[in-house]
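For reference, the structure is listed below as structure tokens.
These figures come from a predicted structure and were not determined experimentally.
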Amino acid sequence: LSGIAVGSKYEQVEEKFGAGEKREPRYNDKKGITTYLYDLYNGVKELEFSVDENGIIQKIAFRQEL
């Protein structure tokens, strides 16, 4: 992801990929964490960033449909 990692500022993601789709919180989400989704290849792949209230990335997940 070209220098984007856990601990980076989410604004780096927005500068590179634009604004992500804000996901509705799930019951097991940690308080103060917001998750942003990026649809890749028409839904075949998905990139997910979990960001704390200070705008710092806490988790990056990648999903792929088979």
Side-chain angles (χ1 to χ4, degrees):
L1 291 171
S2 302
I4 298 170
V6 170
S8 299
K9 290 195 167 281
Y10 177 67
E11 65 187 27
Q12 290 179 278
V13 176
E14 291 181 311
E15 288 171 2
K16 186 165 184 92
F17 301 111
E21 177 186 337
K22 196 173 183 178
R23 189 192 78 195
E24 290 298 316
R26 296 181 183 160
Y27 70 93
N28 61 344
D29 285 345
K30 291 182 181 177
K31 189 172 184 173
I33 298 291
T34 303
T35 301
Y36 298 94
L37 303 174
Y38 289 83
D39 180 27
L40 308 172
Y41 303 106
N42 296 318
V44 174
K45 299 179 182 182
E46 184 177 82
L47 196 53
E48 178 181 295
F49 294 90
S50 296
V51 181
D52 69 15
E53 60 272 353
N54 296 313
I56 304 298
I57 300 168
Q58 298 299 312
K59 178 179 143 187
I60 301 172
F62 177 78
R63 301 184 199 317
Q64 180 174 345
E65 291 287 325
L66 297 176

What distance separates [X] [atom1] from [Y] [atom2], expressed to the nearest 0.5 Å?
X	Y	atom1	atom2	value
Glu11	Lys16	CD	NZ	15.0 Å
Ile56	Ser8	CD1	OG	8.0 Å
Arg23	Phe49	CZ	CZ	13.5 Å
Ile33	Gln58	CD1	CD	5.0 Å
Glu14	Lys9	CD	NZ	11.5 Å

Inset, instruction - Determine, using the 4.5 Å side-chain heavy-atom cutoff (strictly less than), whether Val6 and Val51 are members of one ILVMFWY cluster. - result: yes

Legend entry - Heavy-atom side-chain proximity of Glu48 to Arg63 below 4.5 angstrom: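 A side-chain contact under 4.5 Å exists here.
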
Inset, instruction - Side-chain contact test, heavy atoms from C-beta onward, threshold under 4.5 Å: evaluate it for Gln64 versus Glu46 and give yes or no. - result: no

Legend entry - Those residues that, when tested against Phe62, pass ring pair (Phe, Tyr, Trp, His ring centres under 6.0 Å) (two or more places apart): none

Legend entry - Residue among Thr35, Ile60, Thr34, Ile57 satisfying side-chain contact (heavy atoms from CB on, under 4.5 Å) with Ser50: Thr35

Legend entry - Option from Asp39, Leu40, Leu37, Val13 for which side-chain contact (heavy atoms from CB on, under 4.5 Å) with Leu47 holds: Leu40

Inset, instruction - May I ask you to decide if the ring planes of Tyr10 and Tyr36 are parallel, tilted or perpendicular, using 30° and 60° as cut-offs? - result: parallel

